[in-house]
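The block underneath contains the structure these notes are about, expressed in structure tokens.
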Amino acid sequence: METIYALATARGRAGVAVIRISGPAAHGVAERVAGPLPRHGRGLRRLRSAGGEVLDEALVLTFEKGRSFTGAPVVELHLHGSRAVINAVLNELSGQPELRLALPGEFTRQALENGRLDLSQVEGLADLVDAETEAQRRQAMRVMSGGLGRKADIWKRDLLRAMALLEATIDFADEDVPVDVTPEVLDLLSRCETAMRAEVQGVGAAERIRDGFEVAIIGAPNMGKSTLLNHLAGRDAAIISDIPGTTRDVIEVRLDLRGLPVTLLDTAGLRDAGDEIEAIGIARAKQRAENADIRVHLVTAEDYRDGGDHLDDLVRVGLADRDRSGHPGISGLTGLGVPELLDEIASRLEKRSEGAGVAIRERHREALLSGIAALEECRSKAESSDLLDLAAEDLRLAVRALDTLVGRVDVEDVLGEIFSSFCIGK
């Protein structure tokens with residue numbers, strides 16, 4: 001393992017900046033810069049260049065092998081957070097022959113390789129770094145804390161028990177086995193399959209929490225869509241005009257709605273297009289609205305009807321500050337009906353989020369489905385004494401799928417993509 005270093009905090013002026021050194025040579029290199037390392041793992045030291053110049057007075061933290069985030073020996077230098085101090089210390093470390101500047105995510109990759117994290121925890125950590133809302137933070141913490149790995153270990157334990165029972169039956173195929181193990185094997189398979197299917201069902205909701213829900217505001221031109229979007233955004237995100245067709249493309253605004261990430265879409269007014277560019281905008285509006293989680297229809301009082309074409313449609317009379325019909329309405333100009341609309345959107349999205357588990361990515365779903373398919377094959381063969389060898393092989397495939405889920409096998413092709421999302425200091 002190489003010894004790597006990098007700035008672990010954001011660049012720029014700050015009260016404190018942290019430089020992390022991780023690897024076999026970490027302590028030796030740190031002693032050259034900071035002098036004798038603190039005996040109890042922390043202490044103030046003057047950092048010096050090779051020529052003896054004082055670079056900074058820093059808090060030095062040391063971690064022994066197996067007791068650090070990466071699992072390797074680690075030293076952290078907590079500096080005064082000026083650009084000049086940071087650059088001076090980094091320049092000094094760059095001259096140490098044992099050190100190499102860390103690549104994006106390389107500290108976390110060391111943690112994976114040293115068994116401090118499994119791959120699902122790494123993915124949870126990536127989500128935690130990117131979390132913008134409370135729901136994203138909570139979900140990322142569940143995954144980073146090893147929730148998926150613990151479930152996979154339980155399933156794997158049950159499958160290994162089933163495999164042992166089948167192997168015992170195969171080994172004593174020519175003898176009278178006093179106990180029929182088939183009922184226990186089938187019970188173990190059923191229990192695992194049920195739990196894995198439940199986790200698969202929650203992947204869609206978990207992905208929406210991570211990536212964000214979409215709410216499309218749609219309707220005819222001049223129904224107050226852009227005014228409503230600007231009101232919700234608290235800024236002029238969309239151009240407002242009485243001229244039909246002003247909004248030509250889909251305009252997006254990101255909101256935090258009760259901790260859920262929500263992207264509001266202001267779409268082009270739905271009408272017969274006046275030109276080719278507007279026609280493209282209307283086509284895009286229809287497509288995005290169709291794919292959105294919720295559609296808010298702004299209509300005239302004459303066109304109002306309760307409900308829409310989709311289950312998750314909401315209908316409001318637009319420009320409600322001018323309406324006296326008594327129908328549920330909304331006005332981005334005055335704010336009339338806005339709190340009620342946001343409450344209803346949030347309630348619907350919270351309900352859709354309830355099924356989210358700790359399998360949060362398409363990769364997780366594919367591994368689980370692969371394992372479920374192997375269990376189905378195993379169950380179909382387990383009751384026949386002539387097919388026990390094949391049933392045992394199906395169980396091995398199911399166990400392998402669980403190992404793939406947490407990164408024990410067959411994951412090299414996804415590591416590059418995962419770690420590319422990390423910053424250098426992580």
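Since the structure is predicted, the reported quantities are computational estimates derived from the model, not experimental observations.
- Separating the CG atom in Leu148 from the CG atom in Leu368 is a distance of 7.0 Å, to the nearest 0.5 Å.
- Using a 4.0 Å cut-off between charged nitrogen and carboxylate oxygen, Arg379 and Glu193 count as a salt-bridge pair.
- Taking a 6.0 Å sphere around CZ of Arg396, one finds it holds more than 12 heavy atoms contributed by other residues, nucleotides or ligands.
- Between Ala398 and Gly371, the closest heavy-atom pair is CB-O, 3.9 Å.
- Residues Met223 and Thr300 form a side-chain contact, since some pair of their non-hydrogen atoms from C-beta on lies under 4.5 Å apart.
- Between Ser353 and Ala205, the shortest heavy-atom contact is CA-CB, 4.3 Å.
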Self-check item: side chain to side chain contact (heavy atoms under 4.5 Å, CB included) between Val299 and His327, intermediate numbers included
Solution: CA-CA 11 Å; Val299 300; His327 296 308; over 6 Å; no
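- Listed here is the closest heavy atom pair of Ala26 and Thr3: N-CG2, 3.8 Å.
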**OP:** Mind running salt bridge (Lys or Arg N to Asp or Glu O under 4.0 Å) on Arg258 and Asp343 for me, showing each step along the way?
**Re:** CA-CA 9 Å; Arg258 291 191 198 169; Asp343 280 344; 3.3 Å; yes
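- Remark: the backbone N or O of Arg400 is paired with a side-chain donor or acceptor of Thr404 at under 3.5 angstrom.
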For a side chain to side chain contact (heavy atoms under 4.5 Å, CB included) check, start with the C-alpha distance between Lys151 and Ile154, then their side-chain angles and the critical distance, and finish with the verdict. CA-CA 5 Å; Lys151 287 189 175 185; Ile154 292 172; 5.6 Å; no
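- Within the 4.5 Å cutoff, the side chain of Leu47 has heavy atoms near those of the Leu77 side chain.
- Taken from CZ in Arg137 to CZ in Arg142, the straight-line distance is 10.0 Å, to the nearest 0.5 Å.
- The cationic atom of Arg352 (NZ for Lys, CZ for Arg) does not lie both less than 6.0 Å from the six-membered ring centre of Phe213 and within 45° of the ring axis.
- Between the OG atom of Ser94 and the CG atom of Leu101 there is a distance of 9.0 Å, given to the nearest 0.5 Å.
- Residues Met1 and Asn114 meet the side-chain proximity criterion, which asks for heavy atoms closer than 4.5 Å.
- Contact annotation: the side chain of Leu395 approaches that of Leu189 to within less than 4.5 Å [non-hydrogen atoms, C-beta and beyond].
- A donor-acceptor contact shorter than 3.5 Å links the side chain of Glu92 to the backbone of Ala50.
- The side chain to side chain contact (heavy atoms under 4.5 Å, CB included) test with Thr9 singles out one residue from Val18, Leu79, Ile19, Val16, and that residue is Val18.
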- Task: Applying side chain to side chain contact (heavy atoms under 4.5 Å, CB included), run through Arg109 and Leu103 and close with a yes or a no.
- Result: CA-CA 10 Å; Arg109 183 155 187 164; Leu103 299 172; over 6 Å; no
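- For the atom pair Asn230 CG and Leu264 CG, the distance stands at 11.0 Å (nearest 0.5 Å).
- Nearest heavy-atom pair, Ala126 versus Arg361, reported as atom, atom and distance to 0.1 Å: CB-NH2, 4.4 Å.
- Side-chain contact between Leu260 and Thr133 is absent, with no heavy-atom pair separated by less than 4.5 Å.
- Contact of the His364 side chain with the Glu199 side chain is not registered, since no non-hydrogen atoms from C-beta on lie closer than 4.5 Å.
- Listed here is the closest heavy atom pair of Gly318 and Leu298: CA-CB, 4.4 Å.
- One finds no salt bridge joining Asp266 and Lys225 here, because no Lys/Arg side-chain nitrogen approaches an Asp/Glu carboxylate oxygen to under 4.0 Å.
- Under the 3.5 Å distance criterion, the side-chain polar atoms of Asp293 are left unmatched by any main-chain donor or acceptor of Leu349.
- Using modelled atom types, one side-chain atom of Ser380 and one backbone atom of Glu377 make a donor-acceptor pair closer than 3.5 Å.
- One finds no salt bridge joining Glu354 and Lys351 here, because no Lys/Arg side-chain nitrogen approaches an Asp/Glu carboxylate oxygen to under 4.0 Å.
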> Checking side chain to side chain contact (heavy atoms under 4.5 Å, CB included) for the pair Glu290/Arg295: CA distance, chi angles, key distance, verdict?
Replying inline: CA-CA 8 Å; Glu290 184 68 27; Arg295 287 153 293 280; 5.7 Å; no
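- Two residues are said to be in side-chain contact when any heavy atoms from C-beta on lie closer than 4.5 Å; Asp127 and Ile360 meet this criterion.
- Remark: Arg210 does not engage Glu362 in a salt bridge, criterion side-chain N to carboxylate O under 4.0 Å.
- Applying the ring pair (Phe, Tyr, Trp, His ring centres under 6.0 Å) test to residues at least two apart or on different chains, none of the pairs has a partner in residues 21-54.
- Between Ser22 and Phe69 there is no side-chain heavy-atom pair separated by less than 4.5 Å.
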*asked:* Is there a salt bridge (Lys or Arg N to Asp or Glu O under 4.0 Å) between Lys156 and Asp403? Walk through the geometry before answering.
replied: CA-CA 9 Å; Lys156 183 175 179 179; Asp403 284 339; 3.0 Å; yes
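- Considering Leu99, Ile4, Val74 in turn, Leu99 is the only one that fulfils the side chain to side chain contact (heavy atoms under 4.5 Å, CB included) rule with Ile21.
- The environment of CZ in Arg32 is crowded: more than 12 heavy-atom neighbours from other residues, nucleotides or ligands sit within 6.0 Å.
- Of all the heavy atoms in Ser331 and Ala320, the pair that sits closest is CB-N, 4.0 Å.
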| task | Using the salt bridge (Lys or Arg N to Asp or Glu O under 4.0 Å) rule, take Glu340 and Arg316 through it: C-alpha gap first, then chi angles, then the decisive distance, then the call. | result | CA-CA 11 Å; Glu340 293 80 3; Arg316 295 291 188 274; over 6 Å; no
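- Interatomic distance, Thr70 OG1 to Arg116 CZ, rounded to the nearest 0.5 Å: 8.0 Å.
- From Arg45, atom CZ reaches atom CD of Glu31 across 10.0 Å, with rounding to the nearest 0.5 Å.
- Taking a cutoff of 4.0 Å between a charged side-chain nitrogen and a carboxylate oxygen, Arg100 and Glu106 qualify as a salt bridge.
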